[in-house]
Amino acid sequence: MPRPLRRLSLLALAPLLAACPLPSPPAADAGAVDAGAPGRVFVVIFTHVEDNTPGGTIPSPTSRAQYLDVRQQLLDTARAFRAHGHAWVFQPDWKLLLAALEFEDSSTRASTGGKNVLRYLREDLGVVVDPHSHEKSGYNYTDVAALLDQLGVGGSTVIGGHVWDPGLSQFAHWDRFRTAQPGSKYPAFSWRGDILMGHGTPNHVNDPTVSGVWRPRDPDHFFEDEPTGNITAVGDYTHEISGISTLLGLYDSGAVSPSCMLTSTYHLTPAQLANPAAVETDVLAPLDALVAGGRVVVTDFTSLVDTWNGPYGGSACIHRE
């Protein structure tokens, strides 16, 4: 049975967040953006762990063994990103979080400084943790946020994946987060997400190729900015590391002004986490080269939107292909 949770607000979480701050934007982001300077691309590398992981029923020997395998992969990946100095965002669904509540004990925590793995990832390895939900098996986004809170890593307001296509109105319910939403499993807990990422469709058959930051007007006018809107969207672009260079080329050609914040995201899949050598050669090394050029910032969604609201003045930029 789910454990009871009291209702918390982000204000109540302030002491925890102060002790475990999310990474801040680079110091170079201070001040207004110089329209005459070369444009910079802001990149987020994230991982979704879906609601089928770990396999088996919790608790069971199968689910515990799979949980421990995933746990080690998360730690190895986080250490690799930290060694390269790049931000990494982890967005788990409900089942992994229930497994953590069940299987994190004194024996597992011995390898993570006495902390559960989620706390260790965030507090010791600098991983940013956001909720992700397919809203299945009775768990909605607020329930995932509640589980993160119970594990000591709550507070994020990122909506880690959503359906944007207004033609699929039975799935596209992102605008309900204009107000706080109650949990389904934890109805006493409320949560309001205000940052959208992962603008998908079922089976990803009609995903948009869009870069930039804006406030979607409504489900029928998703790619129109509403300056008074209280939800911000971050464009994913092509989901490829190679697409970052294409975005830099848009600045260089004059097709996009440097005052327009261009964005790109890359989903580092759970399958990739099992192959550290490939992560090193296919993701981390290319990021090293791009960041060395001084025009690519690897960050997280919350820090990206903070930078957009700060130096970029909250000016909407939508580059769609």
Side-chain angles (χ1 to χ4, degrees), residues 10 13 17 22-23 42-53 70 74 77-78 81 87-100 118 121-122 127-137 139-151 153-165 171-178 180-181 183-186 189-204 207-208 210 213 216 222 230-237 239 263-270 272-273 298-306:
L10 291 180
L13 288 169
L17 295 179
L22 297 176
F42 289 75
V43 177
V44 180
I45 311 297
F46 69 95
T47 294
H48 284 167
V49 172
E50 310 296 3
D51 55 7
N52 59 357
T53 301
V70 172
L74 294 174
T77 301
F81 271 80
W88 178 44
V89 175
F90 178 47
Q91 298 184 340
D93 210 328
W94 65 269
K95 194 173 187 185
L96 185 81
L97 302 178
L98 283 186
L118 276 298
L121 287 170
R122 187 166 88 167
V127 177
V128 175
V129 183
D130 301 324
H132 167 61
S133 180
H134 285 267
E135 304 205 306
K136 295 179 180 178
S137 302
Y139 289 85
N140 63 18
Y141 257 106
T142 300
D143 294 317
V144 175
L147 289 168
L148 289 173
D149 180 76
Q150 188 167 355
L151 287 160
V153 292
S156 170
T157 61
V158 174
I159 304 164
H162 67 101
V163 173
W164 73 272
D165 193 334
F171 301 110
H173 301 310
W174 60 266
D175 58 333
R176 71 188 187 274
F177 292 111
R178 301 233 185 251
Q181 298 296 303
S184 177
K185 296 285 187 180
Y186 307 109
F189 192 96
S190 66
W191 179 79
R192 190 179 88 79
D194 60 5
I195 300 175
L196 292 169
M197 58 76 58
H199 324 304
T201 53
N203 298 317
H204 297 282
D207 293 1
V210 59
V213 187
F222 187 77
N230 65 353
I231 294 179
T232 302
V234 176
D236 302 311
Y237 199 50
H239 305 278
T263 61
S264 181
T265 72
Y266 180 84
H267 183 207
L268 184 65
T269 67
Q272 288 173 285
L273 302 190
V298 182
T299 186
D300 64 89
F301 294 106
T302 301
S303 296
L304 187 156
V305 171
D306 286 346

[X] side chain near [Y] side chain, heavy-atom distance below 4.5 Å:
X	Y	answer
V305	V234	yes
F90	L118	yes
L98	Y139	yes
L196	T232	no
M197	V158	yes

Those residues that, when tested against V210, pass side-chain contact (heavy atoms from CB on, under 4.5 Å) (two or more places apart):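 H199, P208, W214, F223, I318, R320.
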Rounded at 0.5 Å granularity, tell me how far [atom1] in [X] sits from [atom2] in [Y].
X	Y	atom1	atom2	result
D143	S133	CG	OG	7.5 Å
T53	D93	OG1	CG	9.5 Å
I159	D130	CD1	CG	10.5 Å
D149	F189	CG	CZ	4.5 Å

Do you know the tightest heavy-atom contact between [X] and [Y]?
X	Y	result
V127	A78	CG2-CB, 3.5 Å
K136	W94	O-NE1, 3.7 Å
A145	P131	N-CB, 4.3 Å
Y186	A146	CD1-CB, 3.8 Å

If the condition is side chain to side chain donor-acceptor pair (under 3.5 Å), which residues does [X] pass it with, not counting sequence neighbours?
X	result
N52	none
T265	D236
Y237	E321
T269	Q272

Has the side chain of [X] got a donor or acceptor atom that lies under 3.5 Å from a matching backbone atom of [Y]?
X	Y	answer
Y141	G160	yes
T142	Q181	yes
S184	N140	no
R192	F177	yes
D300	T302	yes

Going by distance alone, is a donor N or O of one side chain under 3.5 Å from an acceptor N or O of the other, for D194 and T157?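 The criterion, which ignores hydrogens and geometry beyond distance, is satisfied for T157 and D194.
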Can you see whether D306 engages S303 through a side-chain donor-acceptor pair at a distance of less than 3.5 angstrom?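 No, S303 and D306 have no side-chain donor paired with an acceptor closer than 3.5 Å.
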Do the side chains of E135 and K185 get close enough for a salt bridge, i.e. N-O under 4.0 angstrom?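 No, no charged N to carboxylate O under 4.0 Å.
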Contacts under 3.5 angstrom, residues 42-51 side chains, donor-acceptor by atom type, not counting sequence neighbours:
residue: T47; atom: OG1; partner: W88; partner atom: NE1; Å: 3.1
residue: T47; atom: OG1; partner: L268; partner atom: O; Å: 2.6
residue: H48; atom: NE2; partner: Q91; partner atom: OE1; Å: 2.5
residue: E50; atom: OE1; partner: H132; partner atom: NE2; Å: 2.7
residue: E50; atom: OE1; partner: H134; partner atom: NE2; Å: 2.8

Residue that, paired with P92, satisfies side chain to side chain contact (heavy atoms under 4.5 Å, CB included) out of L97, L74, V70: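 Among L97, L74, V70, the one that satisfies the side chain to side chain contact (heavy atoms under 4.5 Å, CB included) with P92 is L97.
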